[in-house]
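Ligands are counted one by one from 1 in listed order, and the atoms in each one are counted from 1 as well. Values below: every heavy atom of this structure, side chains too, minus hydrogens, waters and symmetry copies.
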Amino acid sequence: MDIQNIFVLTGAGISAESGLGTFRDRGGVWSRFDPMKLATPEAFAADPVVVHDFYNMRRRDAMKAEPNPAHAALARLEAELTARGGRLFLCTQNVDDLHERAGSREVVHIHGELLKARCTACGAVQAWREDLSVETPCPSCGTRGSMRPDVVWFGEMPKHLDAIEDALLKSDLFVAIGTSGAVYPAAGYAAQAREFAIPTLALNLEAADNAGMFAKTRLGPASETVPAFLADILAGGDGA
Ligand code: APR
């Protein structure tokens, strides 16, 4: 099977073995915190201090975490496909930078990035590795108290949708890794791939909510299933 262009969608499960919590597993982030009080624009307007504290904690955790073999395998896959004149389109729902730190060069963050901050006054976005607070001045316009994490909250528009749709149509294989398939539009990409007769593969610890959308599924920890996927692709297989 000649696979040139692969579309990979990752979720919190790929960072689980790096020590970053998933959202909907047993004991997940949303079983301990209420997303409606922490991950919506309304929550931020109502209580910015609580929201800043939550994201400051997650930013510190993300900076302490290290990429795992699954992130490394995807960075290697990008290099191998590019060397053959193909492409790995890596769309992540994660807001950490573990893909980048593993060596992936092209990473599209559909839900934004925790290690970036955006000014709600002037719109400027900057790399950000410190805590944010209601006192933080915007480095671009100087406004105080207008800085927020550059992540996509519930009810907000995901990022890079046109580029994602365009890449999906051009892919020879769609692979979802470590995602429950609970949040749209990302959860609908497998069904869209099938409509375009693009083979679909899920690599997950357990069956995802949208498991029925995938032609093939390999269950197991990403640190094992993703390197095995890479090896099969490099050996000329279909990755499953
Ligand atoms: N290896 C592979 N998969 C794993 C592992 C692992 N080690 N550990 C957990 N998983 C799987 C779980 O089985 C689950 O299906 O990863 C998935 C994690 O699902 P969620 O916690 O729902 O995370 P995700 O799908 O990324 O959530 C999507 O929801 O809250 C929003 O913006 C947030 O981007 C997030 C979005």
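No donor-acceptor distance shorter than 3.5 angstrom exists from the side chain of Asn68 to the backbone of Ser223, with no hydrogens or angles considered.
Using a 4.5 Å heavy-atom threshold, the side chains of Pro185 and Leu161 count as touching. Looking only at side-chain heavy atoms (C-beta outward), Asp97 and Glu113 stay at 4.5 Å or farther from each other. Residues Arg144 and Glu135 have side chains in contact (heavy-atom distance under 4.5 Å, counting atoms from C-beta outward).
Closest protein heavy atom to atom 1 (N) of ligand 1: Ala222 N, 2.9 Å. Here the heavy atom of the protein found nearest to atom 28 (C) of ligand 1 is Gln93 OE1, 3.4 Å. Of all protein heavy atoms, the one closest to atom 3 (N) of ligand 1 is Leu205 N, 3.2 Å. For atom 23 (O) of ligand 1, the nearest protein heavy atom (residue, atom name, distance) is Ala12 CB, 3.6 Å. When only non-hydrogen protein atoms are considered, atom 30 (O) of ligand 1 lies nearest to Trp30 NE1, 2.7 Å. Atom 12 (C) of ligand 1 has its closest protein heavy atom at Asp25 OD1, 3.3 Å. Closest to atom 21 (O) of ligand 1, if we only count protein heavy atoms, is Phe23 N, 2.6 Å. When only non-hydrogen protein atoms are considered, atom 15 (O) of ligand 1 lies nearest to Asn204 ND2, 2.9 Å.
Within the listing of ligand 1, atoms 3 (N), 16 (O), 17 (C), 18 (C) sit less than 4.0 angstrom from a heavy atom of Gly178. Atoms of ligand 1 lying under 4.0 Å from at least one heavy atom of Phe154, given by number and element, are 30 (O), 31 (C). For ligand 1, the atoms closer than 4.0 angstrom to any heavy atom of Gly11 are 26 (O). Residue-ligand proximity, Pro221 to ligand 1, at heavy-atom distances under 4.0 Å covers atoms 1 (N). With ligand atoms numbered from 1 in the order given, ligand 1 contributes 29 (O), 36 (C) to contacts under 4.0 Å with heavy atoms of Val183.
When the heavy-atom distances from atom 27 (O) of ligand 1 to Glu17, His111, Arg24, Glu224 are ranked, the shortest goes to Arg24. Evaluated by nearest non-hydrogen atom to atom 10 (N) of ligand 1, the leading choice among Ala70, Ala211, Gly13, Gly220 is Gly13.
Residue-level proximity to ligand 1 for Ala182 is absent, since no heavy atom of it falls below 4.0 angstrom. When heavy-atom distances to ligand 1 are checked against a 4.0 Å cut-off, Ala16 comes that close only through its side chain, counted from C-beta outward. If you look at Thr179 next to ligand 1, the close heavy atoms, those under 4.0 Å, come from the backbone and the side chain alike.
Looking at His109 and Glu100, their side chains do bring a donor and an acceptor atom within 3.5 Å of each other. Looking only at atom types and distance, the side chain of Thr120 has no donor-acceptor partner in the side chain of Ser146 under 3.5 Å away.
Across all their heavy atoms, Glu165 and Gln192 have their closest contact at OE1-NE2, 2.7 Å.
Figure legend: Arg148 and Trp153 shown as a cation-pi pair, the cationic atom lying under 6.0 angstrom from the six-membered ring centre and within 45 degrees of its axis.
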Can you give me every donor-acceptor pair (side chain of residues 203-215, partner residue at least two apart or in another chain, under 3.5 Å) with its distance?
| unit_1 | atom_1 | unit_2 | atom_2 | d |
| --- | --- | --- | --- | --- |
| Asn204 | OD1 | Gly178 | N | 3.1 |
| Asn204 | OD1 | Thr179 | N | 3.0 |
| Asn204 | ND2 | Glu206 | O | 2.6 |
| Asn210 | ND2 | Ala187 | O | 3.0 |

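Heavy-atom neighbours of Arg105 CZ from other residues, nucleotides or ligands within 6.0 Å: at or below the threshold of 12.
The closest approach between Gly28 and ligand 1 stays at or above 4.0 Å for every heavy atom of the residue.
Checked by distance only, ligand 1 and Gly181 stay at 3.5 Å or farther apart across all their nitrogen or oxygen atoms.
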Report the C-alpha separation of Phe54 and Phe33 in whole Å, then their side-chain angles, then the decisive distance to 0.1 Å, and conclude whether the ring pair (Phe, Tyr, Trp, His ring centres under 6.0 Å) test is met. CA-CA 9 Å; Phe54 176 69; Phe33 297 96; 5.1 Å; yes

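A salt bridge links Asp150 and Arg118; the closest N-O separation between the charged side-chain nitrogens and carboxylate oxygens is under 4.0 Å.
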